[in-house]
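Each chain gets a letter, A, B and so on, in the order its sequence line appears, and its residues count up from 1. Heavy-atom basis, side chains included; hydrogens, waters and symmetry copies ignored. Only a predicted model underlies this, so the values are computations on that prediction, with no experimental measurement involved.
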2 protein chains.
Amino acid sequence: MKLTEAKEKFIQAWGTLGSSWGINRTMAQVHALLLIAPDSLSAEDIMEDLQISRGNANQNIRALIDWGLVSKEFKSGERKEFFSAEKDIWKVATQVMKERRKRELEPVLKVLAEVRNVEGDKKDKKIKAFNDSIANIQGVVSKADKTIDALMKADENWFVGSFLKLLK
Amino acid sequence: MKLTEAKEKFIQAWGTLGSSWGINRTMAQVHALLLIAPDSLSAEDIMEDLQISRGNANQNIRALIDWGLVSKEFKSGERKEFFSAEKDIWKVATQVMKERRKRELEPVLKVLAEVRNVEGDKKDKKIKAFNDSIANIQGVVSKADKTIDALMKADENWFVGSFLKLLK
DNA sequence: CTGAACTTTCGAAAATAAATGAAAGTTTAT
DNA sequence: ATAAACTTTCATTTATTTTCGAAAGTTCAG
């Protein structure tokens, strides 16, 4: 397979994966492009390679920076900004988990705490079913939250090594 | 807080969580409703509670069944179908992981294997950067795949207990 | 077999999200 | 100070996703 074809395939696949994870397709494609780029790219390079508009490129690049997955670079003699992605996928994964934990898990935990105990007869079937469900969900969600927190502090080798060994 | 209000809040929160995870809002809301319902509900009950149309209810219920999160029940004397959700959230989580692994991770792994080695000079900077990135991504993605596979076989107490202890 | 009680399908409409591109805003060199 | 080189914003357009609801399909009792 030629490099051009392989590159194209990879960018498409990464875009599809991203879009099924709530990250928009273009954002994931820009990320893919930067992941496999040997050097940092300018906004113009990205626009040209992915055939997208300036505004679109700009917004998605900034979203990636916001997620902590891409960083700006300056080249001496150049006025343009250049962008490069974190290449270590393990770091990418933990960074994504960290952001999603903050953006998604925390609000849910907050609501769960709020609805934790409803007024009324605790023996009432409806109230009991509700309370039991919420307690169970809260337990698992908060454990997931703690696990992600812990995972972020662990490095890949530690994780893969000891965790997978443990599973045997 | 009254039960009605708490229920409403929880359904909304679960819907929001779902929609940022590629599961559509209504599907997640139907799931939330079934999670906290003391008894199984009919399509009509769901339509009425969430104020959605028959077609919409039907499609989302079937999607939930397809994901293995909801099951049909028959009540003697009733012709209607009733639906109930798996209440153990840990099982829900592993079920979702299992489905997503199949639907999303596997296709990406397939593409990664395909683009694994491109033609041409292995010393070429572009080719080298591409191959290195792909190798790294493939490593992490396939480890994630194996981890999810292992996780699915572990039960909650085992996982949370020994894993969290290990992290300290 | 027939009709009532339900469930499923599917094209069209509505809602939502993403992309465009021109205009406005910044920064820097001279 | 100003003009060139870039970056950012945002109203519009375009594409995608979701919902609706009527029609078709199914099942079952009588």
Side-chain angles (χ1 to χ4, degrees), chain A residues 11-12 14-34 39-67 69-84 100 103-104, chain B residues 11-12 14-34 40-67 70-84 100 103-104:
Chain A
I11 290 172
Q12 292 309 324
W14 205 244
T16 304
L17 183 64
S19 68
S20 60
W21 282 82
I23 288 154
N24 98 44
R25 167 176 230 80
T26 306
M27 183 171 157
Q29 289 183 342
V30 171
H31 185 228
L33 180 61
L34 287 171
D39 302 300
S40 52
L41 302 176
S42 68
E44 207 111 350
D45 293 337
I46 294 169
M47 286 164 58
E48 195 183 324
D49 203 306
L50 300 178
Q51 292 291 316
I52 59 175
S53 74
R54 185 171 297 286
N56 197 10
N58 181 272
Q59 291 190 174
N60 287 114
I61 290 167
R62 278 183 313 118
L64 284 166
I65 292 175
D66 197 44
W67 275 73
L69 301 175
V70 162
S71 55
K72 281 188 187 177
E73 269 174 29
F74 297 93
K75 288 192 181 173
S76 54
E78 293 267 17
R79 187 180 290 183
K80 283 189 245 193
E81 295 175 332
F82 287 78
F83 304 96
S84 68
R100 300 197 74 147
R103 297 174 195 212
E104 293 152 20
Chain B
I11 290 173
Q12 292 309 324
W14 205 245
T16 304
L17 183 65
S19 69
S20 60
W21 282 81
I23 288 153
N24 96 46
R25 165 174 231 80
T26 306
M27 182 172 159
Q29 289 182 342
V30 172
H31 185 229
L33 181 61
L34 289 170
S40 51
L41 302 176
S42 68
E44 207 110 350
D45 294 336
I46 293 169
M47 285 164 58
E48 196 184 323
D49 203 306
L50 300 178
Q51 291 291 317
I52 58 175
S53 73
R54 185 171 298 286
N56 197 9
N58 181 273
Q59 289 186 184
N60 286 301
I61 291 167
R62 278 186 309 117
L64 284 166
I65 292 174
D66 196 46
W67 275 73
V70 162
S71 54
K72 281 188 188 177
E73 270 173 28
F74 297 93
K75 288 191 181 174
S76 54
E78 293 267 19
R79 187 181 286 184
K80 285 188 243 191
E81 294 175 332
F82 287 78
F83 305 96
S84 68
R100 301 197 74 147
R103 297 175 193 208
E104 295 153 19

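A close approach under 4.0 Å does occur between a side-chain nitrogen or oxygen of Thr26(A) and OP1 or OP2 of dA19(C). Listed pair Asn58(A) / dA19(C) fails the phosphate criterion, with no side-chain N or O lying under 4.0 Å from OP1 or OP2. Contact annotation: Arg62(B) reaches the phosphate of dT9(C) (side-chain N/O to OP1 or OP2, under 4.0 Å).
Using a 4.0 Å heavy-atom criterion, one finds that Asn56(A) contacts the bases of the nucleic acid, with or without backbone contacts as well. Within the nucleic acid shown, Arg25(B) has no heavy atom closer than 4.0 Å to any nucleic acid atom.
For the pair Arg25(A) and Gln12(A), the minimum side-chain heavy-atom distance is below 4.5 Å. Counting heavy atoms from C-beta on, the side chains of Phe83(B) and Glu73(B) never come closer than 4.5 Å.
If you measure from atom CD of Glu81(B) to atom P of dC28(D), you get 10 Å, rounded to the nearest angstrom. Straight-line distance from the CZ atom of Arg54(A) to the P atom of dT12(D): 22 Å, rounded to whole Å. Going from atom NZ of Lys75(B) over to atom C1' of dC28(D) covers 20 Å, rounded to whole Å. One atom, CZ of Phe74(B), and another, P of dT26(D), lie 16 Å apart when rounded to the nearest Å. For Glu44(A) and dG21(C), the CD to P distance is 14 Å, given to the nearest whole Å. Going from atom CE of Met47(B) over to atom C1' of dT8(C) covers 13 Å, rounded to whole Å. Rounded to whole angstrom, the span from the CG atom of Asn60(B) across to the C1' atom of dT17(D) amounts to 12 Å. For the pair Glu78(B) CD and dC28(D) C1', the interatomic distance rounds to 15 Å; values are reported in whole Å.
Picking from dA19(C), dC20(D), dT8(D) the nucleotide with the shortest atom distance to the side chain of Ser53(A) gives dA19(C). Here the side chain of Asn24(B) is nearest to one of dA19(C), dC20(D), dT18(D), namely dT18(D). Comparing dA18(C), dT8(C), dT9(D) by their nearest atom to the side chain of Gln59(A) picks out dT9(D). For Ala43(B), taking side-chain heavy atoms from C-beta onward, the closest of the listed nucleotides dC20(D), dT7(D), dT7(C) is dT7(C).
We find the CG-CG distance between Asn60(A) and Asn24(A) to be 5.0 Å, quoted to the nearest 0.5 Å. Rounding to the nearest 0.5 Å gives a distance of 5.5 Å between CZ of Arg100(B) and OG of Ser20(A).
Distance alone, capped at 3.5 Å, places no donor-acceptor pair between the Asp49(A) side chain and the Ile46(A) backbone.
Two residues, Ile23(A) and Arg79(A), neighbour DNA chain C, and the one matched to the more 5' nucleotide by heavy-atom proximity is Ile23(A).
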